[in-house]
Asker: 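Structure below; questions to follow.
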Amino acid sequence: MDTDSFDINPLFARPCEATPVPRTKLAAEPMLPETAYQIVHDEAMLDGNARLNLATFVTTWMDDHANRLYAEAFDKNIIDKDEYPQTAAIETYCLRMLAELWHAPHPAQTLGCSTTGSSEACMLGGLALKRRWQEARKKKGTSIDKPNLVMSAAVQVCWEKFCNYFDVEPRYVPISAEHKVLDGHGLDDYIDENTIGVVAIMGVTYTGMYEPVAQIAAALDILQDRTGLDVPIHVDGASGAMVAPFLQPELAWDFRIERVQSINTSGHKYGLVYPGVGWVIWRTAAALPQSLVFDVSYLGGDMPTFALNFSRPGAPILLQYYNFLRFGKRGYKAIQTATAEVARYLARGIAAMEPFTLWNAAEDIPVFAWQLTTGADHLWTLYDLSDRLRMQGWQIPAYPLPTDLQDITVQRIVVRSGLSYDLADRLLDDIKKQVVWLSRNASAVEQPSTQRFHH
Ligand SMILES: *Cc1c(COP(=O)(O)O)cnc(C)c1O
């Protein structure tokens, strides 16, 4: 068929809509843009409804002005700082604002950068810790063969990646019923002269709980008095660093604690920007070894850069700045408060249901987890409930806790801005309905099959 005849065909009567689409090989011939659009659009339509995804921390809604800014900035490449000096300047404004928000002693003297998200930000934070440790050890003429990083067994996977990719031994401190998060208890057993740092998490991915950064720092102070080891802290504030300043302003977890050398956050989590933007800030220039910073001259100008990526969208940075201007501290506080209230409402609703016991109650970030009440004999699991809820469109994952609590299965809800009380009520109704269904049909639920998918 020649292309001239098929471009007047009605929608879905055109070649590729009315015939199979080549999927695994680049087709020999082009197709109409309308056809290609329709195919991609329709396939993407099969993705879930992002607003009902209570598994993710990442922003799924921004307002029309943000959408308009995004559309105006699709083409901006953040690395082209010479071409887009204003976007580069806006990146710096955002960094200054965050440094001030996180109580840097001298916000203008901090160093930092935007990233694609917290994963890249954590890699950079980890690399700075490693290089600092290496440089100090070299100066003393001691070995740099065996760096290790100490953190909770409940760290986000990006830290496991960091250790794997950059040859650092991960030292995981297990969690327990008494020590649900890394809290400084028993920390000494994991730290030695090869420890490049300790990661403290503000908003543990598994449960949403804060790790007590001040208490961890105090344990490290005592260790330093005893051994002379001065171990820095990196705070992984992927979600909490944009929650705590507004919901728990009295809580010292940030640069108010001297031992905290760097902090990261995901702008696209509670910074309320679409994916992907993250931030990392070092307390002082001294915390970021200059040997990690490259100067590139081939874009015009002389541009220092510390990043894993080179080219990357600039638009999310403009959106972050838009949010900072639009919301201010009071706006962020209002949004995070509303979100936290819905989370606690949901937590109370779930706690009131007989089969469930809360693991935590969304007291820190608007995230909480629950388990099946122990003692009672349940013929169904949280995996079954997760599957049933999925049929209603809700994504609410169930998973085992990390070492040493891997025998406990929890289910977790992440409340983001946009989950209203009304939707929360629909969700509680759906959970109740599915609990009734599972109780009635429990014998019909094939227990091993649910396990098969999750291990
Ligand atoms: C989400 C998360 C990350 C990874 O962040 P991305 O922005 O998704 O790369 C790292 N650490 C914690 C604690 C997280 O919650």
Side-chain angles (χ1 to χ4, degrees), residues 1-62 64 66-78 116-117 119-120 157-158 161 266 268 273-277 308-316 319 383-399 414 416 418-419 423 426-427 430 434 437 441 444-455:
M1 188 184 285
D2 67 287
T3 40
D4 292 339
S5 68
F6 74 67
D7 59 7
I8 58 159
N9 280 3
L11 204 62
F12 299 115
R14 297 184 294 221
C16 288
E17 286 160 359
T19 60
V21 180
R23 288 214 185 276
T24 53
K25 263 201 302 189
L26 198 58
E29 299 300 329
M31 67 174 77
L32 288 174
E34 294 86 340
T35 304
Y37 169 84
Q38 199 63 42
I39 290 168
V40 178
H41 174 87
D42 286 3
E43 187 151 350
M45 178 182 76
L46 298 177
D47 283 338
N49 179 340
R51 295 279 298 280
L52 302 184
N53 181 350
L54 306 188
T56 184
F57 289 75
V58 176
T59 303
T60 45
W61 181 85
M62 291 188 77
D64 284 342
N67 293 343
R68 202 191 316 160
L69 270 176
Y70 206 165
E72 290 166 6
F74 285 147
D75 56 346
K76 290 189 198 278
N77 181 356
I78 190 68
T116 46
S119 299
E120 186 190 3
V157 66
C158 71
K161 286 186 186 170
S266 296
H268 55 221
V273 179
Y274 289 134
V277 58
L308 299 182
N309 297 294
F310 192 65
S311 299
R312 168 163 67 80
L319 294 188
Y383 297 113
D384 298 321
L385 178 58
S386 181
D387 287 346
R388 296 292 309 174
L389 289 169
R390 182 100 191 206
M391 293 177 203
Q392 318 283 306
W394 301 106
Q395 260 173 275
I396 306 179
Y399 47 84
V414 176
R416 302 190 305 282
L419 187 74
L423 274 177
R426 300 285 78 74
L427 172 58
D430 277 340
Q434 295 312 325
W437 189 94
N441 296 277
V445 176
E446 200 194 322
Q447 294 305 324
S449 79
T450 57
Q451 298 293 322
R452 204 169 52 221
F453 296 107
H454 299 284
H455 284 263

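This is a predicted model, so every value here is computed, not measured.
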Asker: With the side chain counted from C-beta on, respond yes when Asp384 and Trp437 share a heavy-atom pair under 4.5 Å apart, and no when they do not.
Answerer: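 The answer is no; the side chains never approach within 4.5 Å.
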Asker: As a test of understanding, state which of Asn9, Thr35, Thr19 forms a side chain to side chain donor-acceptor pair (under 3.5 Å) with Arg14.
Answerer: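 Exactly one pass, corresponding to Thr35.
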Asker: To the nearest 0.5 Å, what is the distance between NE2 on His268 and OG1 on Thr116?
Answerer: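 Between His268 NE2 and Thr116 OG1, I get 7.5 Å after rounding to 0.5 Å.
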Asker: Using modelled atom types only, decide if a donor and an acceptor are shared between the side chain of Arg416 and the backbone of Thr56 within a distance under 3.5 Å.
Answerer: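 Yes; at least one donor-acceptor contact below 3.5 Å.
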Asker: Are any non-hydrogen side-chain atoms of Met62 and Asn67 less than 4.5 angstrom apart?
Answerer: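 Yes; the side chains approach each other to less than 4.5 Å.
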Asker: So, do Pro316 and Ile78 sit near enough that their side-chain heavy atoms are less than 4.5 Å apart?
Answerer: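 No, side chains not in contact.
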Asker: On a heavy-atom basis, which atom in Ser119 and which in Cys158 lie closest, and how many Å separate them?
Answerer: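 That closest heavy-atom pairing would be OG-CB, 3.7 Å.
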Asker: Can you tell me how far apart CG (Leu69) and CD (Glu72) are? Round to the nearest 0.5 Å.
Answerer: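 Between Leu69 CG and Glu72 CD, I get 5.5 Å after rounding to 0.5 Å.
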Asker: Indicate the atoms forming the closest heavy-atom contact of Ala73 with Ala315, along with that distance.
Answerer: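 Smallest interatomic distance, heavy atoms only, reads O-CB, 3.6 Å.
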Asker: If we only count heavy atoms from C-beta on, is the Asn53 to Thr60 side-chain gap below 4.5 Å?
Answerer: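 Result no, sub-4.5 Å side-chain heavy-atom pair not found.
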Asker: What's the separation between atom CG in Leu427 and atom CG in Leu54, rounded to the nearest 0.5 Å?
Answerer: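 Between Leu427 CG and Leu54 CG, I get 6.0 Å after rounding to 0.5 Å.
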Asker: Quick one: CD on Gln38 to CE on Met45, what's the gap to the nearest 0.5 Å?
Answerer: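 Answer rounded to 0.5 Å: 8.5 Å.
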Asker: Is the shortest side-chain heavy-atom distance between Leu319 and Val277 below 4.5 Å?
Answerer: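 No, their side chains stay 4.5 Å or more apart.
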Asker: Return yes when atom CG of Leu26 has more than 12 non-hydrogen atoms of other residues, nucleotides or ligands closer than 6.0 Å, and no otherwise.
Answerer: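 Check fails, neighbour count at 12 or below.
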Asker: May I ask you to test the Met31-Ile39 pair for a side-chain heavy-atom distance under 4.5 Å?
Answerer: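 With C-beta onward as the side chain, the pair touches.
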Asker: Could you tell me whether a side-chain N or O of Glu120 sits under 3.5 Å from a main-chain N or O of Leu308, the two making a donor and an acceptor?
Answerer: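 Yes, the answer is positive, given that a donor and an acceptor are paired below the 3.5 Å cut-off.
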Asker: Specify the closest pair of heavy atoms between Asp430 and Gln392, including all atoms of both residues, with the distance to one decimal.
Answerer: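 Distance-wise, the nearest heavy atoms are OD1-OE1, 3.7 Å.
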Asker: Under 6.0 Å from the CD atom of Glu43, do we count more than 12 heavy atoms belonging to anything else shown?
Answerer: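 Incorrect, the count does not exceed 12.
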Asker: What's the spacing between Tyr274 OH and Thr59 OG1 if we round to 0.5 Å?
Answerer: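 Result: 9.0 Å between the selected atoms.
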Asker: Do the rings of Tyr37 and His41 sit parallel, tilted or perpendicular, given the 30° and 60° boundaries?
Answerer: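 Plane angle under 30°, so parallel.
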Asker: If you compare all heavy atoms of Ala27 against all heavy atoms of Pro22, which two are closest, and at what distance to 0.1 Å?
Answerer: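 That would be CB-CG, 3.6 Å.
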